[in-house]
Peer 1: 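I have a structure I would like to understand better, so I am pasting it below and will then ask my questions one at a time.
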Amino acid sequence: MRTIGVVTSGGDAPGMNAAIRAVTRLACYHGLIVLGFERGWEGLIKNNFRRLDSRSVGGIIQLGGTILRTSRCPEFRTREGIKRAAENLTSNGVDGLVVIGGEGSFRGALELSRETDTLIAGVPATIDNDVYGTDETIGFDTAVNTAVAEIDKIRDTAFSHERIFIVEVMGRKRGFLALTVGLTVGAEVILVPEVPIKLDEIFEIVKENTAKGKRSGIIVAAEGIGDTRMLAEEIERNTGAEVRLSIVGYAQRGGSPTARSRLLACLFAEEAVRLLLDEAGNRVVGLQNGAITSMDLETACGNIKPLNIELLKLARVLST
Ligand code: F6P
């Protein structure tokens with residue numbers, strides 16, 4: 001192992017910069033050359049990279065986004081695109097590649113691993129927290145805290161105006177973000193794609209709460225459940241409550257990473273570089289029951305991370 005590449009791919013997540021910094025400094029410490037590929041997979045296809053060293057990653061641990069930039073790259077879904085990326089890795093003598101990204105990025109990495117001898121180490125970074133094989137991804141904690149801070153403010157208006165607020169959070173097709181946010185803001189209802197709830201059930205909870213004297217409430221909805229605007233209208237029509245919708249949106253993707261997101265970035269980077277130094281590639285690092293671990297890329301891509309449904313029940317009891 002003489003040269004490694006590092007790339008951030010897919011949606012940006014707070015803590016990606018902390019991961020780039022840690023990978024680069026650890027690799028330099030071990031005498032490796034580090035190439036940072038720009039704009040995700042696009043950089044590998046177009047052969048756009050810059051040499052990184054310990055100094056070029058200074059002052060970024062606290063920054064959101066990614067200094068290498070990122071993109072959604074449709075060309076990488078084609079065989080031709082993957083082949084070109086593989087050729088560029090070979091022509092630049094890249095022995096190992098650290099891929100910092102989410103589920104989609106690892107699926108791309110798996111395809112790439114079939115076309116190249118370059119060893120790949122995946123570092124899970126996505127606000128969605130939907131990567132199999134890790135209890136938590138870089139950026140998730142930051143996104144949770146961003147949404148929680150927003151909802152705490154919304155509660156003031158909900159209370160003052162005696163309204164129900166539906167707050168939509170991100171998460172793509174999964175409910176990890178909504179579940180943790182919902183539990184930690186004390187939401188009366190949490191809606192996730194994994195556990196569809198009938199509209200009547202939601203109306204019932206709202207009516208019950210009103211009868212109990214609760215005159216305001218928060219419903220946290222994952223974006224993956226569908227049309228939240230229509231849901232707000234339906235609840236208003238069927239319960240008589242005044243309902244507003246607030247979408248947290250891309251603010252969840254940005255901002256300075258929390259200490260927790262930075263810590264995961266440091267620990268995941270250490271494991272990724274160690275794997276490559278040991279010539280043990282095509283693996284994704286992760287956190288399992290408090291320990292830093294790794295699993296092969298194929299297993300990580302071939303499985304769906306389960307959502308802890310018990311937490312939904314807990315949230316329900318705690319909001320009564
Ligand atoms: O994967 C992160 C994420 O923010 C999802 O929560 C969201 O569904 C998606 O990316 C949005 O993608 P884009 O940045 O392409 O609009």
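Positions are given from 1 along the sequence. Ligands are counted one by one from 1 in listed order, and the atoms in each one are counted from 1 as well.
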Peer 1: Inspect the contact between Lys305 and Asp130 and indicate whether a charged nitrogen and a carboxylate oxygen are less than 4.0 angstrom apart.
Peer 2: no
Peer 1: Is Gly171 close enough to touch ligand 1? Criterion: a residue heavy atom under 4.0 Å from a ligand atom.
Peer 2: yes
Peer 1: Looking only at protein heavy atoms, which one is nearest to atom 4 (O) of ligand 1, and what is the separation?
Peer 2: Arg253 NH1, 2.7 Å
Peer 1: Identify, with sequence neighbours excluded, every residue that meets ring pair (Phe, Tyr, Trp, His ring centres under 6.0 Å) alongside Phe49.
Peer 2: Phe37
Peer 1: Any atoms of ligand 1 less than 4.0 Å from a non-hydrogen atom of Arg172? List them with their elements.
Peer 2: 1 (O), 5 (C), 6 (O), 8 (O), 9 (C), 10 (O)
Peer 1: Just jot down the ligand 1 atoms closer than 4.0 angstrom to any heavy atom of Met170, in number order.
Peer 2: 4 (O), 6 (O)
Peer 1: Indicate the atoms forming the closest heavy-atom contact of Ile100 with Ala19, along with that distance.
Peer 2: CD1-CB, 3.8 Å
Peer 1: Could you tell me whether Lys198 and Glu201 make a salt bridge, using a distance below 4.0 angstrom between a side-chain N and a carboxylate O?
Peer 2: no
Peer 1: Which pair of non-hydrogen atoms, one from Ile235 and one from Ile202, has the smallest distance, and what is that distance?
Peer 2: CD1-CG2, 3.8 Å
Peer 1: What is the nearest protein non-hydrogen atom to atom 16 (O) of ligand 1, stated with its residue, atom name and distance?
Peer 2: Tyr250 OH, 2.4 Å
Peer 1: Please write down residue, atom name and distance for the protein heavy atom closest to atom 8 (O) of ligand 1.
Peer 2: Glu223 OE2, 2.5 Å
Peer 1: Nearest protein heavy atom to atom 6 (O) of ligand 1, by residue and atom, and its distance?
Peer 2: Asp128 OD1, 2.7 Å
Peer 1: Tell me, which protein residue and heavy-atom name are nearest atom 15 (O) of ligand 1, and how many Å apart are they?
Peer 2: Arg72 NE, 2.9 Å
Peer 1: Is there a path of hydrophobic side-chain contacts, each under 4.5 Å between heavy atoms, that joins Leu267 and Ile4?
Peer 2: yes
